[in-house]
Participant: 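The structure is given below, and queries will be raised subsequently.
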Amino acid sequence: MKELYCKGCGARIQTEDNTLPGYVSEKIMASFKPSNMICQRCFRIRHYNEVYPYTVSNKDYVKVIEKIKEEDALIVKIVDIFDFSGSFVPAIKTLTGNEDVLLVGNKMDLLPKNVKPKKIINWLKLMLASQGFTVLDSILVSAKYGDNFDELWSLIKKYKGKRNVYIVGCSNVGKSKIVNQILKRYLGEPADILTVSISPQTTIGLIGFPLVDGSIIYDTPGVINKHQYMHYLTRPSYKLTVPRKEIKPLIFQLYEGQTLYFGGLARLDIISGETGDKISLITYFANTLNIHRTKTSRADELYRTKKYTLLSPPFSPDEDTPKWVYHEFRIRDNQKYDIVFSGLGFVTLRAPFHIRAYAPFVVGVYTRLAII
């Protein structure tokens, strides 16, 4: 019998093991058309919002990469504008063997409305130049609301010629949502086909959809970036860290010897600021994440006594995050910088400053020129 693949996640359809992706009971197999087949995992994610964690093995991901390497294709690389540092994979050209890359910054709807898209595009170009990474073009979109999709579709058609298109990127940058928007808007699909959720690696395998010119657009499994918080939190905690709507920046005036806690997930200590005794900073995190100010001299005791309550998430020792380490940043020029906690958020402040940023040792903490 010809192998069948789930239309929602790309897993191979199987009837043997209901704990693995692709499972469909034999009764369901007999009643569904192969072209509309979705697995039990996708059905329960879509209709019951259940969590089915699964990690694509290195072996399976290599198969995906090898498939792309066989072609001269257009790579549409998706990054999360809110977490550019954590979602950008500079090795994508080497991995796929393709030089033609279109960069798409998704989740523009999360940024404050007064931020001009042109400024973000210019910032993206600076970040790409710093990585030595060249692209055919760049565009900002919102897969949630469909913003700028006509422009995106025009760019894809402009650069792909008759080639296939691969949508690639890290987990949870919105690849499947983008493909769903394209299928509904330009290929006549009446509803979402691909399964989407906030859990990483919902997409298991390559899922291809034919275009009118005979080429194919593929959704691909997300690249796992272990430096992001999503891989170390339970679903209830993770949901509080994920922005769902426009972020409301918070402004703090902090003096030397003061500390900010971001839930119980990260910490920022002010050692010295731009005027010698205080520093003005703006925080960009999910509106549902509690930010608490305290004296640095009290910070360790507060963490010990108030973790899981005042300083949450996390909510219990059962989801204890890995050991924390600090990253020290001392910058002496007069430019604005972001301190980024990968997959959580960022803080904007103007140099000169001397700070310490604490986070679990597995989480990426970076400094970069300010995006806003």
Side-chain angles (χ1 to χ4, degrees), residues 51 53 80 82-83 85-87 110 170-172 197-200 224-245 247-271 279 281-329 338-349 353-367:
V51 182
D80 182 344
F82 185 66
D83 184 26
S85 304
S87 63
L110 297 180
C170 281
S171 295
N172 284 42
S197 80
I198 68 167
S199 299
I224 288 289
N225 181 353
K226 289 295 187 180
H227 294 303
Q228 294 173 304
Y229 276 92
M230 74 171 76
H231 306 296
Y232 307 100
L233 298 175
T234 61
R235 185 181 175 89
S237 290
Y238 178 54
K239 285 175 72 174
L240 287 179
T241 70
V242 178
R244 295 293 185 181
K245 55 186 178 181
I247 291 165
K248 304 299 182 187
L250 299 179
I251 301 174
F252 291 88
Q253 297 287 338
L254 296 184
Y255 290 87
E256 292 180 4
Q258 289 193 313
T259 291
L260 284 185
Y261 271 107
F262 307 98
L265 298 172
R267 163 180 162 182
L268 188 71
D269 291 355
I270 304 301
I271 299 173
I279 192 165
L281 56 84
I282 306 173
T283 63
Y284 296 88
F285 292 82
N287 302 330
T288 48
L289 184 68
N290 179 43
I291 300 177
H292 182 78
R293 172 165 42 188
T294 188
K295 292 181 179 179
T296 304
S297 59
R298 293 190 60 243
D300 290 341
E301 176 68 10
L302 186 72
Y303 186 73
R304 187 180 67 80
T305 59
K306 297 298 183 181
K307 187 180 180 184
Y308 313 127
T309 54
L310 177 66
L311 304 181
S312 62
F315 293 104
S316 77
D318 295 336
E319 55 175 338
D320 221 4
T321 51
K323 180 182 177 181
W324 284 25
V325 296
Y326 71 81
H327 307 258
E328 195 153 335
F329 300 102
D338 293 334
I339 307 300
V340 181
F341 299 92
S342 187
L344 187 66
F346 59 93
V347 175
T348 300
L349 62 167
F353 58 75
H354 182 193
I355 62 170
R356 283 180 182 163
Y358 293 75
F361 75 92
V362 290
V363 170
V365 179
Y366 316 95
T367 183

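Everything quoted here is computed from the prediction, not taken from an experiment. All values below come from the heavy atoms of this structure, side chains included, with hydrogens, waters and symmetry mates left out.
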Participant: Are the side chains of Pro314 and Lys307 in touch, meaning some heavy atoms are under 4.5 Å apart?
Facilitator: yes
Participant: So do Ile291 and Phe252 actually touch side chain to side chain, heavy atoms under 4.5 Å?
Facilitator: yes
Participant: Taking all heavy atoms of Pro322 and all of Phe361, pick out the closest pair and write down the distance.
Facilitator: CB-CE2, 3.6 Å
Participant: Looking only at heavy atoms, which two atoms of Ala359 and Val365 are closest? And how far apart?
Facilitator: CB-CG2, 3.7 Å
Participant: Just so I know, are the side chains of Phe341 and Thr241 near enough to count as touching, which here means a heavy-atom distance under 4.5 Å?
Facilitator: no
Participant: For Ser312, give me all partners under side-chain contact (heavy atoms from CB on, under 4.5 Å), at least two apart in sequence or on another chain.
Facilitator: Phe315
Participant: Taking the inter-plane angle between the rings of Phe346 and Tyr284 on a 0 to 90° scale, is it parallel (under 30°), tilted (30 to 60°) or perpendicular (over 60°)?
Facilitator: parallel
Participant: Decide yes or no for Tyr303 and Arg267: does some side-chain heavy atom of the first lie under 4.5 Å from some side-chain heavy atom of the second?
Facilitator: no
Participant: Looking at Gly264, is its backbone amide N or carbonyl O close enough to the side chain of Tyr308 to form a donor-acceptor pair, meaning the two atoms are under 3.5 Å apart?
Facilitator: no
Participant: Considering only residues two or more places apart or on different chains, which pairs with a residue in residues 353-366 satisfy salt bridge (Lys or Arg N to Asp or Glu O under 4.0 Å)?
Facilitator: Glu328-Arg356
Participant: Over all heavy atoms of both residues, which pair between Phe329 and Ala357 is shortest? Give the atoms and the distance, please.
Facilitator: CE1-CB, 4.1 Å
Participant: Does Ala286 have any side-chain contact (heavy atoms from CB on, under 4.5 Å) partners at least two apart in sequence or in another chain, and if so, which?
Facilitator: Pro243, Thr288
Participant: From the options Leu250, Thr348, Leu254, select the one residue that forms a side chain to side chain contact (heavy atoms under 4.5 Å, CB included) with Leu281.
Facilitator: Leu254
Participant: Please determine if Arg298 and Glu301 form a salt bridge, counting it only when a charged side-chain N lies under 4.0 Å from a carboxylate O.
Facilitator: no
Participant: Do Thr283 and Leu268 pass the side-chain contact (heavy atoms from CB on, under 4.5 Å) test, and can you show the C-alpha distance, the side-chain angles, and the key distance before you say yes or no?
Facilitator: CA-CA 11 Å; Thr283 63; Leu268 188 71; over 6 Å; no
Participant: What residues, two or more places apart in sequence or in another chain, satisfy salt bridge (Lys or Arg N to Asp or Glu O under 4.0 Å) together with Arg293?
Facilitator: none
Participant: Please walk me through it: do Thr296 and Thr259 pass side chain to side chain donor-acceptor pair (under 3.5 Å)?
Facilitator: CA-CA 5 Å; Thr296 304; Thr259 291; 2.8 Å; yes
Participant: For Phe285, enumerate each residue passing the ring pair (Phe, Tyr, Trp, His ring centres under 6.0 Å) test, keeping only those at least two apart in sequence or located in another chain.
Facilitator: Phe262
Participant: Under the rule for side-chain contact (heavy atoms from CB on, under 4.5 Å), what residues qualify as partners of Asn290, not counting sequence neighbours?
Facilitator: His292, Leu310
Participant: Is the closest side-chain heavy-atom distance between His354 and Ile279 below 4.5 Å?
Facilitator: no
Participant: If we only count heavy atoms from C-beta on, is the Cys170 to Asp80 side-chain gap below 4.5 Å?
Facilitator: no
Participant: Answer yes or no: is there a side-chain heavy-atom contact under 4.5 Å between Thr367 and Ile339?
Facilitator: yes
